[in-house]
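Read through the structure below, which is laid out as structure tokens, and then see the notes.
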Amino acid sequence: MRILVVLLTIILLASCGQNKKRVATDLTPFQKKMNEDFKDASKSPLKKKDIKTFEGLDFFPYDSTFLVQAELKRTPNTEWFQMKTTTDRLSKERVFGIVTFEIKGKSFQLNLYQGEELMQTEGFENYLFLPFMDNTNGFLSYGGGRYIDLDIPKENIIEIDFNSAYNPYCAYNDKFSCPIVPSANYIDLEIKAGVKVFVKEE
């Protein structure tokens with residue numbers, strides 16, 4: 001009987017240990033910066049109750065497979081359009097160009113977007129927006145897709161690091177208005193890089 005009690009205790013402790021969220025210590029500069037911002041109440045998109053229990057975001061392990069050199073085809077004559085968001089707000093955007101790249105032997109094309117409002121904002125004149133969806137959405141990553149921030153390159157090659165892919169703020173708090181990923185920016189592959197789905201602490 002005593003042996004049975006000891007075994008049950010060990011199993012229970014092991015189960016608790018597995019369920020406890022582990023906070024990674026070997027984070028990249030991008031990951032460290034994100035965690036710092038999320039812990040800072042003046043910057044964090046988290047709800048107040050979530051900030052209190054926040055220890056760190058979950059990230060996929062850094063994988064150089066998802067750091068790609070993409071060919072950029074600029075599209076200077078594209079018209080401005082109203083990109084839908086998760087609220088009634090519309091974001092005036094245009095397709096700045098099309099990027100072509102390979103991951104794991106497969107070729108992909110995505111649209112790079114430029115926002116009219118940000119173009120006129122100091123410090124964001126060269127900002128480009130890369131929203132995308134992939135086969136981890138709704139399972140390992142946020143169901144609505146993820147974003148990557150980029151700058152206009154001088155040449156027609158642009159480095160895209162999917163390890164810096166992050167969730168839109170509405171993944172953490174529905175008070176935010178987030179651009180909806182256009183269907184053209186779907187990657188038929190599991191992009192196991194960047195920020196994972198946010199699981200709220202109970």
Side-chain angles (χ1 to χ4, degrees), residues 27-40 42-46 57 59-60 62 66-101 103 108-134 137 141-142 144-187 191 193-196 198:
L27 299 178
T28 67
F30 165 78
Q31 294 168 346
K32 289 179 181 177
K33 179 66 165 57
M34 283 211 70
N35 278 342
E36 288 171 3
D37 288 347
F38 271 63
K39 290 175 182 177
D40 184 343
S42 67
K43 299 178 182 179
S44 181
L46 295 173
L57 295 169
F59 300 95
F60 289 100
Y62 184 89
F66 298 106
L67 174 62
V68 301
Q69 301 296 318
E71 181 181 346
L72 170 62
K73 181 181 178 181
R74 301 170 194 249
T75 53
N77 298 319
T78 51
E79 295 183 359
W80 294 94
F81 71 97
Q82 300 290 349
M83 183 179 281
K84 293 182 179 180
T85 71
T86 52
T87 64
D88 292 335
R89 182 182 70 87
L90 296 173
S91 178
K92 195 171 183 180
E93 307 275 341
R94 75 180 187 99
V95 177
F96 176 86
I98 300 170
V99 290
T100 304
F101 56 91
I103 297 179
F108 301 99
Q109 283 191 341
L110 299 176
N111 290 338
L112 268 181
Y113 297 93
Q114 186 175 42
E116 185 182 56
E117 185 176 341
L118 281 178
M119 284 178 65
Q120 301 168 6
T121 303
E122 186 177 355
F124 290 89
E125 298 89 348
N126 292 319
Y127 174 80
L128 296 177
F129 175 51
L130 180 61
F132 72 96
M133 296 190 72
D134 69 277
N137 297 152
S141 67
Y142 177 59
R146 290 176 290 167
Y147 303 159
I148 295 176
D149 297 334
L150 296 167
D151 290 320
I152 297 174
K154 293 180 180 179
E155 307 296 334
N156 290 327
I157 297 294
I158 185 168
E159 184 175 86
I160 302 173
D161 189 356
F162 287 93
N163 294 284
S164 64
Y166 63 92
N167 295 327
Y169 274 8
C170 48
Y172 309 99
N173 193 328
D174 54 15
K175 77 174 185 179
F176 291 99
S177 175
C178 305
I180 295 173
V181 179
S183 59
N185 275 27
Y186 165 65
I187 301 174
I191 304 296
V195 181
K196 291 185 177 182
F198 178 63

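Numbering of residues begins at 1 and proceeds along the displayed sequence.
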> Just how far is it from atom CG of Asn167 to atom OG of Ser141, taken to the nearest 0.5 Å?
Replying inline: 7.0 Å
> What are the two closest non-hydrogen atoms of Ser177 and Thr87, and how far apart are they?
Replying inline: OG-OG1, 2.7 Å
> Could you give the distance from CG (Asp134) to CG (Asn185), rounded to the nearest 0.5 Å?
Replying inline: 11.5 Å
> Can the ring centroids of Tyr147 and Phe129 be said to lie less than 6.0 angstrom from one another?
Replying inline: yes
>> Taking side chain to side chain contact (heavy atoms under 4.5 Å, CB included) as the definition, give me every residue that meets it alongside Gln109, ordered by chain and number, with sequence neighbours left out.
In response: Ile98, Thr100
> Residues in side chain to side chain contact (heavy atoms under 4.5 Å, CB included) with Asn126, at least two apart?
Replying inline: Ile152
>> Which residues pass the ring pair (Phe, Tyr, Trp, His ring centres under 6.0 Å) test with Phe132, not counting sequence neighbours?
In response: Phe162
> Does anything in residues 85-94 pair up under salt bridge (Lys or Arg N to Asp or Glu O under 4.0 Å), and if so which pairs, sequence neighbours excluded?
Replying inline: Lys92-Glu116
> Rounded to the nearest 0.5 Å, how far does CG of Leu112 lie from OG1 of Thr75?
Replying inline: 9.0 Å
> Say you draw a straight line from CG of Leu46 to CG of Asp40; how long is it, rounded to the nearest 0.5 Å?
Replying inline: 11.0 Å
>> Give me the atom names and distance for the closest heavy-atom approach of Phe81 to Val95.
In response: CE2-N, 4.5 Å
> Mind checking what makes ring pair (Phe, Tyr, Trp, His ring centres under 6.0 Å) contact with Tyr186, not counting sequence neighbours?
Replying inline: none
> Of all residues at least two apart in sequence or in a different chain, which pass the salt bridge (charged side-chain N to carboxylate O under 4.0 Å, His left out) check with Lys39?
Replying inline: none
> Is the backbone of Pro179 close enough, under 3.5 Å, to the side chain of Thr85 for a donor and an acceptor to pair up by distance?
Replying inline: no
> Between Ser164 and Ile148, which heavy-atom pair has the shortest distance, and what is it?
Replying inline: OG-CG2, 4.0 Å
> Shortest non-hydrogen contact from Ala70 to Phe101?
Replying inline: CB-CB, 3.9 Å
> Do Gln120 side-chain atoms and Glu117 backbone N/O form a donor-acceptor pair below 3.5 Å?
Replying inline: no
> Can you name the nearest heavy-atom pair linking Met133 to Gly145, along with the distance?
Replying inline: CG-CA, 3.9 Å
> Going through the distances and angles, do Phe108 and Val99 end up as a side-chain contact (heavy atoms from CB on, under 4.5 Å)?
Replying inline: CA-CA 8 Å; Phe108 301 99; Val99 290; over 6 Å; no
>> Whether Lys196 engages the ring of Phe59 as a cation-pi pair (distance to the six-membered ring centre under 6.0 angstrom, angle to the ring normal within 45°) should be assessed.
In response: no
> How far does OH of Tyr172 sit from OH of Tyr142, to the nearest 0.5 angstrom?
Replying inline: 9.5 Å
> Can you list every pair that meets salt bridge (Lys or Arg N to Asp or Glu O under 4.0 Å) and has a residue in residues 169-178, with sequence neighbours left out?
Replying inline: none
>> Which residues pass the side chain to side chain contact (heavy atoms under 4.5 Å, CB included) test with Gln69, not counting sequence neighbours?
In response: Ile157, Glu159
>> List the residues meeting ring pair (Phe, Tyr, Trp, His ring centres under 6.0 Å) with Phe30, not counting sequence neighbours, and say none if there are none.
In response: none
> Which residues satisfy the ring pair (Phe, Tyr, Trp, His ring centres under 6.0 Å) test with Tyr62, sequence neighbours excluded?
Replying inline: none
> What's the spacing between Gln114 CD and Thr78 OG1 if we round to 0.5 Å?
Replying inline: 8.5 Å
>> How close do Arg74 and Glu155 get, counting heavy atoms only, and between which atoms?
In response: NH2-O, 2.8 Å
>> Lys154: which residues meet the salt bridge (charged side-chain N to carboxylate O under 4.0 Å, His left out) condition with it, sequence neighbours left out?
In response: none
>> Run the salt bridge (charged side-chain N to carboxylate O under 4.0 Å, His left out) test against Asp149 and tell me which residues pass, sequence neighbours left out.
In response: none
